[in-house]
Amino acid sequence: MRFSVVTLFPEMFTAITDHGISGRAVKTGLVSLNYFNPRDYTSDRHRTVDDKPFGGGPGMLMKTEPLARAIVAARDSSVATDGDAGHTVYLSPQGRRLDQAAIQDMALRPGLVLVCGRYQGIDARVLETEVDAEWSLGDFILSGGELAAMALIDALIRLQPGALGDEDSARQDSFSAGLLHCPQYTRPRSYAGHEVPPVLLSGDHSAIARWQRQQSLGITWLKRPDLLAAVALSKEDQELLTQFQQDYRAALDE
């Protein structure tokens with residue numbers, strides 16, 4: 001998968017290109033990242049990339065022409081052999097909130113152009129003419145789009161075949177099936193007076209799978225009931241969830 005990133009701070013992306021799963025994916029050529037700095041597309045000797053907004057107001061906007069040129073260059077460089085120039089995404093608090101379903105859809109694309117804003121944002125005409133979609137991490141403000149772009153890239157890399165040591169890891173991640181992940185445990189068996197659930201030590205794979213499904217349903221009910229409301233539960237799922245709820249309430253009454 002090809003990522004063409006429009007950013008004033010390409011050096012920030014070493015956080016994902018030099019470390020961990022994403023760094024390995026870059027080093028092995030599973031994904032590629034190329035950067036397009038609007039400063040390189042300026043026409044004045046000061047390489048100016050910000051300007052005052054018409055109508056006044058606090059702050060500055062990214063200068064229109066250098067940003068638009070950088071986006072066009074990024075899109076041209078991202079053209080695949082089939083002519084697909086890649087989807088152009090602007091990371092913005094005004095965008096649709098990212099979720100795992102959106103990530104899974106974008107992971108199927110051969111390439112993405114990611115536009116990282118700075119200052120107070122970008123000219124609305126650039127959004128209209130050069131951007132295909134706006135996406136947001138959530139209802140809060142960052143100093144720029146780089147951190148949001150890195151989060152998106154990391155999430156997309158996890159879904160690329162060969163990126164993870166165990167292909168089941170991505171399929172079992174929270175949100176992949178609409179639910180949160182079940183609790184997990186490692187050595188020692190006893191820690192701070194708490195024991196590993198006996199079923200996980202039983203070797204009974206069917207019982208373990210049933211317990212994990214029940215815990216996933218229950219944890220989602222406790223922590224993110226909004227997610228659970230969107231999942232079509234089977235009769236067995238409902239029975240597992242009902243038993244979890246009964247056990248949970250009984251424990252509170254003890």
Side-chain angles (χ1 to χ4, degrees), residues 1-7 9-37 70-92 95-117 130-138 142 144-182 184 186 212 216 220 224 227 230-231:
M1 190 173 188
R2 305 178 313 280
F3 296 102
S4 299
V5 185
V6 178
T7 173
F9 302 104
E11 61 275 12
M12 290 180 65
F13 287 81
T14 57
I16 61 170
T17 60
D18 293 3
H19 307 282
I21 291 169
S22 57
R24 184 170 64 245
V26 172
K27 290 180 176 65
T28 59
L30 187 63
V31 299
S32 65
L33 274 77
N34 295 294
Y35 309 104
F36 299 82
N37 192 331
I71 294 173
V72 170
R75 194 163 55 236
D76 289 346
S77 78
S78 185
V79 174
T81 55
D82 61 2
D84 186 345
H87 204 57
T88 301
V89 173
Y90 175 50
L91 286 309
S92 161
R96 174 183 165 190
R97 186 178 297 183
L98 276 166
D99 55 24
Q100 190 66 19
I103 297 293
Q104 290 170 336
D105 180 65
M106 278 190 274
L108 300 175
R109 296 181 178 275
L112 286 175
V113 176
L114 303 179
V115 180
C116 303
E130 306 297 346
V131 171
D132 297 311
E134 294 181 70
W135 289 97
S136 170
L137 292 189
L142 298 171
E146 284 80 10
L147 291 175
M150 282 187 271
L152 174 56
I153 291 169
D154 185 80
L156 289 167
I157 286 176
R158 290 182 60 81
L159 296 182
Q160 300 305 307
L164 303 178
D166 185 342
E167 294 300 321
D168 286 336
S169 293
R171 288 192 291 270
Q172 294 179 7
D173 280 343
S174 289
F175 308 114
S176 292
L179 301 173
L180 300 182
H181 203 296
C182 66
Q184 299 186 90
T186 187
Q212 290 175 331
S216 183
T220 306
R224 291 291 305 274
L227 294 176
V231 176

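Between Ile16 and Leu33 the shortest side-chain heavy-atom distance falls below 4.5 Å. Contact of the Val231 side chain with the Thr220 side chain is not registered, since no non-hydrogen atoms from C-beta on lie closer than 4.5 Å. Between Leu112 and Met1 there is a side-chain heavy-atom pair separated by less than 4.5 Å. Using a 4.5 Å cut-off on side-chain heavy atoms (C-beta onward), Leu98 and Met106 make contact. Between Leu227 and Leu179, the closest side-chain pair of non-hydrogen atoms is not below 4.5 Å. By the 4.5 Å heavy-atom criterion applied to side chains, Ile153 and Ser22 are not counted as neighbours. Taking the side chain as every heavy atom from C-beta outward, Val5 and Phe13 approach each other to under 4.5 Å. Looking at Leu159 and Gln100, their side chains come closer than 4.5 Å, going by heavy atoms from C-beta outward.
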Yes or no on side chain to side chain contact (heavy atoms under 4.5 Å, CB included) for Ile103 and Leu156, after CA distance, side-chain angles and deciding distance? CA-CA 6 Å; Ile103 297 293; Leu156 289 167; 3.9 Å; yes

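Contact detail for Ala133 and His87: the closest heavy-atom pair is CB-NE2, 3.7 Å. Considering all non-hydrogen atoms of both residues, Gly117 and Glu146 come closest at O-OE1, 4.3 Å. Annotation for Ala163 and Ile21: closest pair O-CG2, 3.6 Å, computed over non-hydrogen atoms.
In this structure, Asn34 contributes its side chain and Ser4 its backbone to no donor-acceptor pair below 3.5 Å.
Taking CG of Leu137 as the start and CG of Leu91 as the end, the distance is 7.0 Å to the nearest 0.5 Å.
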